[in-house]
Amino acid sequence: MQMASLGSLLFGVLIVGAISLGLAFLLDVAARGLSVVKRSITAGLVGGFLPMSLPLAIVLMESSLEDSFLVALVLVIMSLIASLLIGFPAAYFFSRKRQKARDEELDPKVFE
């Protein structure tokens with residue numbers, strides 16, 4: 001019983017990290033004009049909130065407004081915590097590594 005809950009927790013962490021890394025890569029390719037921090041914040045927030053959107057939608061559709069407010073608030077807070085602890089660091093280190101690799105490819109002698 002405890003292995004199942006540990007496995008689902010690990011799966012949730014991996015899903016948030018994978019979504020954040022994927023979006024960080026897409027933003028790195030498509031929106032290079034944004035800074036590394038802005039791209040990482042965006043990727044981390046989407047990576048944290050996207051997996052929680054389905055449970056949040058189900059809670060809001062299936063229960064009354066009085067009953068669902070507290071549960072929805074908890075889901076939003078959990079999404080924010082997942083974004084801060086998992087999504088943002090993964091996206092930030094990935095984006096920073098790609099930025100450094102891109103900066104090293106440019107030869108400064110070419111522009112002199």
Side-chain angles (χ1 to χ4, degrees):
M1 183 75 169
Q2 290 179 353
M3 283 301 283
S5 62
L6 182 64
S8 61
L9 178 66
L10 182 63
F11 182 72
V13 168
L14 290 176
I15 287 295
V16 171
I19 292 172
S20 298
L21 285 176
L23 191 60
F25 176 73
L26 288 175
L27 287 174
D28 185 58
V29 170
R32 285 191 182 165
L34 293 175
S35 69
V36 172
V37 175
K38 286 181 184 179
R39 287 184 300 207
S40 302
I41 288 173
T42 304
L45 285 174
V46 172
F49 279 99
L50 192 64
M52 288 292 185
S53 62
L54 182 62
L56 185 62
I58 290 172
V59 164
L60 292 176
M61 285 190 308
E62 295 296 326
S63 56
S64 66
L65 185 61
E66 298 86 23
D67 297 336
S68 65
F69 177 73
L70 187 60
V71 176
L73 183 65
V74 167
L75 285 173
V76 168
I77 291 171
M78 285 176 53
S79 299
L80 188 59
I81 290 172
S83 297
L84 289 172
L85 295 180
I86 302 164
F88 175 73
Y92 179 73
F93 290 124
F94 178 79
S95 296
R96 195 175 70 177
K97 182 178 178 182
R98 293 216 9 128
Q99 183 73 31
K100 280 185 180 179
R102 191 171 31 251
D103 289 343
E104 290 174 358
E105 289 176 2
L106 296 176
D107 187 14
K109 294 180 182 178
V110 172
F111 297 108
E112 289 181 358

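In this text, all values refer to a predicted model and were calculated from it rather than measured experimentally. We use all heavy atoms of the structure for the numbers below, so side chains are in, but hydrogens, waters and symmetry mates are not.
Every side-chain contact (heavy atoms from CB on, under 4.5 Å) that Leu84 has, sequence neighbours left out, goes to Leu80. Applying the ring pair (Phe, Tyr, Trp, His ring centres under 6.0 Å) criterion to Tyr92, with sequence neighbours excluded, gives Phe88. Taking Ser79 as the reference, Phe49, Met52 meet the side-chain contact (heavy atoms from CB on, under 4.5 Å) condition, with sequence neighbours excluded. Residues passing the side-chain contact (heavy atoms from CB on, under 4.5 Å) test with Phe69, sequence neighbours excluded: none. For Ala90, the side-chain contact (heavy atoms from CB on, under 4.5 Å) criterion is met by Leu21, not counting sequence neighbours.
Distance OG1/Thr42 to CG/Leu34: 7.0 Å, rounded to 0.5 Å. Between atom CE of residue Met61 and atom CG of residue Leu56 there is a gap of 10.0 Å, rounded to the nearest 0.5 Å. Considering OG of Ser20 and CG of Leu50, their distance stands at 9.5 Å, rounded to 0.5 Å.
Proximity of Lys100 to Val36: side-chain heavy atoms (C-beta onward) are nowhere separated by under 4.5 Å. Side chains of Pro51 and Val16 form a contact here, defined as non-hydrogen atoms less than 4.5 Å apart.
Scanning both residues, Pro89 and Ser83, for their nearest heavy atoms gives CD-O, 4.3 Å.
The hydrophobic cluster around Leu70 extends to none of the other residues, as no ILVMFWY side-chain heavy atom falls under 4.5 Å of it. In the hydrophobic clustering, where aliphatic and aromatic side chains (Ile, Leu, Val, Met, Phe, Trp, Tyr) are joined below 4.5 Å either directly or transitively, Ile58 groups with Leu54. In this structure, Leu14 shares a hydrophobic cluster with Leu10, the cluster being traced through Ile, Leu, Val, Met, Phe, Trp and Tyr side chains under 4.5 angstrom apart.
Within the structure, salt bridge (Lys or Arg N to Asp or Glu O under 4.0 Å) pairs that include any residue of residues 30-39 comprise Asp28-Arg39 (at least two apart or interchain). Residue pairs that meet the salt bridge (Lys or Arg N to Asp or Glu O under 4.0 Å) test with at least one member in residues 69-94, sequence neighbours left out, do not exist here.
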